[in-house]
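Notes follow the structure.
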Amino acid sequence: MEEYEGDAVGGDAVVGDVFVNTRNIDDRTLKEWTEDRTSWTKSISKRGKKTFEKLINSISFAVEEEVEKKETNRDSGVAMLEEADAAFNKVVQAVEMKKVKLDDLISTEESYLEDLGKISLYYEEAMKSKQDPNHPVVMPPGLREGRDLIAFGNIHQIIDFHKLYFTKGLRNANSDADKILEMFKKKKGDMKVRYGKFCINKPKSELIVTQFQDSYFSKLEFYLHQDMRLADQLIKPVQHLTRYDMYFRELVTLCEQAGQKEEADKFRECSKIASEISHNANDMMTAGRIDQFSGDITKQGELLHRGSVFCKVPGMDRRSIFSKSKPSARLEPGHLFLFQQCVIVCYYRERMTEIGNRDEYQYWHKFLINKMQVRDIARGGNEMEFELHDTNKESRATDNLNLTITTNTMEEKSEWVKKINKEIRSLEDLKFALGNPRKMSLVEM
């Protein structure tokens, strides 16, 4: 049906899509209706266009936002993969470095055994030159009177230890942390004794080797075609001891980086043992420098503890440091050495030399563990002081001697009192066990 465009004459007409009864509608009204409808259609069209544009924009924003999320998730996933890959590579690198470090440990040990072999060559040739008057390098009289043995000390014991047991044991452990730890635990005491004796003798050895370097040892070096002086060779055992601790500390770090906690703990324990052996050797070297000590320092048992203290000395005579009661006293710097069998008290001072400061220890007195007492509170009640009482009636001074020791802190005092009393009690327990074996066996049951 066509849209009405003519005059209204009565009847029916169609306006747009709307059927209208025009019987009672004039032309003006119909025209207004037509204009209103056109305006309404345009308005609807315009608003629809804006709504459509908003809809399109919303859809575009949502699509872009989704794309950005996907890109972000993708980047995040890539970053996580990269981090995981870097962490994995770090673990792999740590495992590889651990193997390299263990191989280096064995290699260093075998190289050290070769160095010990060169010292052994010196030693054997020196013994030949001592016994053979026709030897190309005859040992001078001043050296052959026992000083040659002091020059080498117990180096042959260290050579045998590494040649027969230790180097072979490290090699056979095949980089196994359990086996390496077991070997260090088993050989700790042996290493302390052998290296301790060597280090105690080291200061005397250095003096003798230096004294006879030009007249004898340099000629022996030339005869043996050695490229290193004996003095430099004899310092290697001391240097080598410190390397064990260094290797084990590095292995602990690498095992932790590789996530191998159990191995890290075992190598950490190896490090503690190696450090203990090294520190003991260093302390024994210090003990070997005690001046005017008439006995054999190597026969006092294991060195358990040492440290600087102050000793109360009677004011009238510095050399007589013991007294029952003196009205006046002064503090003198001292040094205590606690061995299994005794406590050695030394006068201590620091002296300037051409090569720098040098610590000097002059022997004062020796307290036997089985003939001494410790008083944890000294006369006068000073918290930083304790007393050592000598009950040995055969001492070169008067009976019932006592020495007041002053420490810098309460912790130092407590440590000294505790360690000395522990050795006294251990010896008393040993005496009781030896004197009453039946009672001890019943107690153990």
Is there a side-chain contact between L403 and H365, using heavy atoms and a 4.5 Å cut-off?
no
Sub-4.5 Å side-chain heavy-atom contact between K236 and Q233
yes
Would a distance-only check, ignoring hydrogens and angles, find a side-chain to backbone donor-acceptor pair under 3.5 Å from T242 to V238?
no
Which word best sums up how the rings of F152 and F217 line up, parallel for under 30°, tilted for 30 to 60°, or perpendicular for over 60°?
perpendicular
Indicate yes or no: at least one non-hydrogen side-chain atom of T286 is less than 4.5 angstrom from one of D359.
no
Determine whether the aromatic ring centres of residues Y112 and Y244 are separated by less than 6.0 angstrom.
no
Using the ring pair (Phe, Tyr, Trp, His ring centres under 6.0 Å) rule, collect all pairs that involve residues 253-282, keeping only residues at least two apart or in two chains.
none
Mind checking the NZ-CD spacing from K187 to E182? Nearest 0.5 Å is all I need.
11.0 Å
Test: K185 and E269 ion pair at under 4.0 Å
yes
Using a strict cut-off of less than 4.0 Å between a Lys/Arg side-chain nitrogen and an Asp/Glu carboxylate oxygen, indicate whether E387 and R379 qualify as a salt bridge.
yes
Restricting to salt bridge (charged side-chain N to carboxylate O under 4.0 Å, His left out), what partner residues turn up for E250, sequence neighbours left out?
K101
Heavy-atom side-chain proximity of V374 to L388 below 4.5 angstrom
yes
Using a 3.5 Å distance criterion without hydrogens, assess whether the side chain of Q260 forms a donor-acceptor pair with backbone atoms of E256.
no
Kindly compute the distance separating CD (Q157) from CD1 (I155), expressed to the nearest 0.5 Å.
10.0 Å
Taking C-beta and beyond as the side chain, do W416 and L338 meet within less than 4.5 Å on heavy atoms?
yes
Interatomic distance, CG@L303 vs CG@N282, rounded to 0.5 Å, equals 10.5 Å
Just do the side chain to side chain donor-acceptor pair (under 3.5 Å) check on S218 and Q213 with the steps written out, would you?
CA-CA 6 Å; S218 60; Q213 175 62 34; 4.6 Å; no
Counting the benzene-type ring for Trp, do F161 and F166 have ring centres under 6.0 Å apart?
yes
Between N174 and D176 (side chain of the first, backbone of the second, donor and acceptor by atom type, cut-off under 3.5 Å), is there such a pair?
no
Checking the side chain of S414 only, and the main-chain atoms of M410 only, is there a donor and an acceptor separated by less than 3.5 Å?
yes
Would you say NZ of K204 has more than 12 non-hydrogen atoms from neighbouring residues, nucleotides or ligands within 6.0 angstrom?
no
Taking salt bridge (charged side-chain N to carboxylate O under 4.0 Å, His left out) as the criterion, tell me which of K312, K413, R375 meets it with E385.
K312
Salt bridge E206-K202, side-chain N to carboxylate O under 4.0 Å
yes
Measure up the H335 and Y348 rings against each other and bin them: parallel (under 30°), tilted (30 to 60°), perpendicular (over 60°).
tilted
Report the C-alpha separation of D160 and K163 in whole Å, then their side-chain angles, then the decisive distance to 0.1 Å, and conclude whether the salt bridge (charged side-chain N to carboxylate O under 4.0 Å, His left out) test is met.
CA-CA 5 Å; D160 291 343; K163 183 178 181 180; over 6 Å; no
Donor-acceptor pair, distance only, cut-off 3.5 Å: does the side chain of S107 make one with the backbone of D103?
no
Is it true that a side-chain atom of E110 and a backbone atom of T167 form a donor plus acceptor pair closer than 3.5 Å?
no
Where the side chain of D132 meets the backbone of K128, is there a donor-acceptor pair that is under 3.5 Å apart?
no
Note: Y122 and Q226 closest approach over all heavy atoms is OH-CB, 3.4 Å
When you check the gap from the basic side-chain N to the acidic O, do R330 and E332 get nearer than 4.0 Å?
yes
Rounded to the nearest 0.5 Å, the OG atom of S271 sits from the CZ atom of R249 at a distance of 6.0 Å
Please round to the nearest 0.5 Å and tell me the distance separating atom CD1 of I277 and atom CZ of R194.
12.5 Å
Please round to the nearest 0.5 Å and tell me the distance separating atom OG1 of T253 and atom NZ of K98.
13.0 Å
Please list, chain by chain and in numerical order, all residues satisfying ring-ring contact (aromatic ring centres under 6.0 Å, His included) with Y223, sequence neighbours excluded.
H135
N/O donor-acceptor pair under 3.5 Å between R144 side chain and K130 backbone:
yes
